[in-house]
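We use all heavy atoms of the structure for the numbers below, so side chains are in, but hydrogens, waters and symmetry mates are not. Computed from a predicted structure; not experimentally measured. Sequence lines set the chain letters: A, B, ... in the order given, protein chains first and strands last, and positions in each chain run from 1.
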Amino acid sequence: MTLFRLGYVAMSVHVQNASPSQTMTYSRFQKLQDREAAIAKLERISKSNINNTLRLLKHNKALDIEFFRLSSKLVPLATHEDLKDWDYIHALKNELRELGSYAKSENMRIDFHPDHFVVINSPKEDKFKASINVLKYHYKLLHSMGIDPTHRCVLHLGGSYDDKAKSLERFIENWGSVPRGIQKMIMIENDDTIYTMDDCLYVCEKLGIPFIFDLHHHMANHEDSNWLKNWDRVLNTWEHSPLPVKMHISSPKSEAEFKSHADYIDPEMFLNFVKSVNQSTDQIDCMIEAKKKDDALFILRKTLGEQSNIEFNTEATFQLKD
DNA sequence: AATGGTCAAGCGGCA
DNA sequence: TGCCGCTTGACCATT
């Protein structure tokens, strides 16, 4: 029996005034005369972001949602080179600890997806170093939350730089320069333009990295549309992870804007997926990536709940009946 | 109060 | 070589 668990990304359309991504741009920061006051403001924004994230987790708890992606923008300018002297971890340690403790006490799976400016396979050393710097920020947040950082950060393989094969190999080369603690934190996901499921599996198997299969990206970018033949390989990349298999679910906005995320999830597409992988493993965590965030999760849950062959254990976990 | 422009990042396409 | 679009939510200035 396979248990399917639904989660969603970073913010809620139902909980008002709960942004976890409030920010201050560097140009704004620079314009403030009093640097100390500017940093104090950054700390106020960060605390608000962390507290809003805690509010979202409590909202999730009330709806039995135990799977959630945290915003990578919790601490504005944390990775900016002009703020290297800012000990934001010290300033935010109580808030971070409270957030992590709550997630742990409620058995919630939380993780990050740093945006595409983190490029491990960059041929430019400064870009690589900046990427490691951003990953260290994520590591410090997790550590300060008291969360085991293992397999908590989703990344793509990176750019093609006019030579995809060479750039794929460069990921493997550069991986050797990634600190071990950071390596353990990473999962790899297929993207919608360059690196396919096959490319990612090749790298993940070679380096022992869990692979996150994104079905929508696969439809937009593949060598062979038949992903199911690779499914055992996908599962195997999770063999040594303390966490269940994870994947991403989204639907195309339209035929013309195929790669953009739709507001909601196509239930038929999702159900077909579920049927295809049912019984293959104990649990699959499905991250719902839709414009309507948690509302897309609710609507999907409602539609699936009307199916006679689906049984919901909680509001956000279900299994397929025989 | 609603709007349109700006911000930040790295890559990729185009001239 | 260099400019612009991509993407995202937030925020700022203008109306």
**Student:** Start with the C-alpha gap between Lys253(A) and Asp263(A), add the side-chain angles, then the distance that decides, and say whether salt bridge (charged side-chain N to carboxylate O under 4.0 Å, His left out) holds.
**Tutor:** CA-CA 7 Å; Lys253(A) 186 174 183 178; Asp263(A) 287 355; over 6 Å; no
**Student:** Determine, step by step, whether Ile265(A) and Thr303(A) satisfy the side chain to side chain contact (heavy atoms under 4.5 Å, CB included) criterion, reporting the C-alpha distance in whole Å, the side-chain angles of both residues, the deciding distance to 0.1 Å, and the verdict.
**Tutor:** CA-CA 10 Å; Ile265(A) 302 300; Thr303(A) 312; over 6 Å; no
**Student:** Would you list the pairs meeting ring-ring contact (aromatic ring centres under 6.0 Å, His included) in which at least one residue belongs to residues 301-322 of chain A, sequence neighbours left out?
**Tutor:**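 For residues 301-322 of chain A, and leaving out neighbouring residues, the ring-ring contact (aromatic ring centres under 6.0 Å, His included) pairs sorted by first residue read Phe4(A)-Phe318(A), Phe312(A)-Phe318(A).
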**Student:** Between His261(A) and His216(A), does the ring-ring contact (aromatic ring centres under 6.0 Å, His included) criterion hold? Intermediate values first, please.
**Tutor:** CA-CA 9 Å; His261(A) 286 171; His216(A) 182 189; 5.7 Å; yes
**Student:** Grab the CG-C1' distance between Asn49(A) and dC11(C) for me, whole Å please.
**Tutor:**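 In whole Å, dC11(C) C1' and Asn49(A) CG are 13 Å from each other.
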**Student:** Taking NE2 from His261(A) and C1' from dT8(C), how many angstroms apart are they, rounded to a whole number?
**Tutor:**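 Atom NE2 in His261(A) sits about 12 Å away from atom C1' in dT8(C).
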**Student:** Can you give me the bend angle of the helix from dA1(B)-dT15(C) to dA15(B)-dT1(C)? Use the axis through the first five pairs and the one through the last five, nearest 10 degrees.
**Tutor:** 60°
**Student:** Within this structure, what is the CG-to-C1' distance between Leu74(A) and dG9(C), rounded to whole angstrom?
**Tutor:**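 Roughly 14 Å, once rounded to whole Å.
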**Student:** May I ask you to say what Lys259(A) touches in the nucleic acid, namely base, sugar-phosphate or nothing, with a heavy-atom cut-off under 4.0 Å?
**Tutor:** nothing
**Student:** Looking for any heavy atom pair under 4.0 Å, which part of the strands does Ser19(A) touch: base, sugar-phosphate only, or nothing?
**Tutor:**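 Sugar-phosphate contact only - Ser19(A) comes under 4.0 Å of backbone atoms but never of a base.
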**Student:** Between side-chain atoms of residues 35-43 of chain A and protein atoms elsewhere (two or more places apart, or another chain), which donor-acceptor pairs fall under 3.5 Å?
**Tutor:**
{"from": "Arg35(A)", "atom 1": "NH1", "to": "Asp85(A)", "atom 2": "OD2", "distance (Å)": "3.1"}
{"from": "Arg35(A)", "atom 1": "NH2", "to": "Asp82(A)", "atom 2": "O", "distance (Å)": "2.7"}
{"from": "Arg35(A)", "atom 1": "NH2", "to": "Asp85(A)", "atom 2": "OD1", "distance (Å)": "3.3"}
{"from": "Glu43(A)", "atom 1": "OE2", "to": "Trp86(A)", "atom 2": "NE1", "distance (Å)": "2.8"}

**Student:** Please step through ring-ring contact (aromatic ring centres under 6.0 Å, His included) for the pair His156(A) and His113(A), ending with a clear verdict.
**Tutor:** CA-CA 9 Å; His156(A) 297 289; His113(A) 192 344; 5.3 Å; yes
**Student:** Return all side-chain donor-acceptor pairs below 3.5 angstrom for residues 50-61 of chain A, not counting sequence neighbours, or 'none' if the list is empty.
**Tutor:**
{"from": "Asn51(A)", "atom 1": "ND2", "to": "Lys47(A)", "atom 2": "O", "distance (Å)": "3.1"}
{"from": "Asn52(A)", "atom 1": "OD1", "to": "Arg55(A)", "atom 2": "NH1", "distance (Å)": "3.0"}
{"from": "Asn52(A)", "atom 1": "ND2", "to": "Ser19(A)", "atom 2": "O", "distance (Å)": "2.8"}
{"from": "Asn52(A)", "atom 1": "ND2", "to": "Ser48(A)", "atom 2": "O", "distance (Å)": "3.4"}
{"from": "Thr53(A)", "atom 1": "OG1", "to": "Asn49(A)", "atom 2": "O", "distance (Å)": "2.8"}
{"from": "Arg55(A)", "atom 1": "NH1", "to": "Asn17(A)", "atom 2": "O", "distance (Å)": "2.9"}
{"from": "Arg55(A)", "atom 1": "NH2", "to": "Gln16(A)", "atom 2": "O", "distance (Å)": "3.2"}
{"from": "His59(A)", "atom 1": "NE2", "to": "Asp294(A)", "atom 2": "OD2", "distance (Å)": "3.0"}
{"from": "Asn60(A)", "atom 1": "OD1", "to": "Tyr8(A)", "atom 2": "OH", "distance (Å)": "2.5"}
{"from": "Asn60(A)", "atom 1": "ND2", "to": "Leu56(A)", "atom 2": "O", "distance (Å)": "3.4"}
{"from": "Lys61(A)", "atom 1": "NZ", "to": "Glu106(A)", "atom 2": "OE1", "distance (Å)": "3.1"}

**Student:** Whether Lys246(A) and Asp285(A) form a salt bridge (side-chain N of Lys/Arg under 4.0 Å from carboxylate O of Asp/Glu) is what I want to check.
**Tutor:** no
**Student:** Polar-atom pairs under 3.5 Å, protein N or O versus N or O of nucleotides 7-15 of chain B: list them with distances, or write none.
**Tutor:**
{"from": "dA8(B)", "atom 1": "OP1", "to": "Ser27(A)", "atom 2": "N", "distance (Å)": "2.9"}
{"from": "dC11(B)", "atom 1": "OP1", "to": "Tyr161(A)", "atom 2": "OH", "distance (Å)": "2.3"}
{"from": "dC11(B)", "atom 1": "OP2", "to": "Lys124(A)", "atom 2": "NZ", "distance (Å)": "3.4"}
{"from": "dG12(B)", "atom 1": "OP1", "to": "Ser160(A)", "atom 2": "N", "distance (Å)": "2.7"}
{"from": "dG12(B)", "atom 1": "OP1", "to": "Ser160(A)", "atom 2": "OG", "distance (Å)": "3.4"}
{"from": "dG12(B)", "atom 1": "OP2", "to": "Tyr161(A)", "atom 2": "N", "distance (Å)": "3.3"}

**Student:** Given side chains that start at C-beta, do those of Phe117(A) and Ser131(A) come closer than 4.5 Å, heavy atoms only?
**Tutor:**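 The answer is no, as the side chains (C-beta and beyond) never meet within the 4.5 Å cut-off.
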**Student:** Could you tell me whether Arg170(A) sits above the aromatic face of Tyr161(A), with NZ or CZ closer than 6.0 angstrom to the six-membered ring centre and within 45 degrees of the axis?
**Tutor:**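 The answer is yes; both the distance and angle limits are met.
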**Student:** How many Å lie between CG on Asn17(A) and C1' on dG9(C), as a whole number?
**Tutor:** 14 Å
**Student:** Tell me whether Arg233(A) is salt-bridged to Glu205(A), with the criterion being a basic N under 4.0 Å from an acidic carboxylate O.
**Tutor:**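 Looking at Glu205(A) together with Arg233(A), the answer is yes, because their closest N to O distance falls below 4.0 Å.
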**Student:** Dump the pairs, protein N or O against N or O of nucleotides 1-4 of chain C, anything under 3.5 Å, distances to one decimal.
**Tutor:**
none

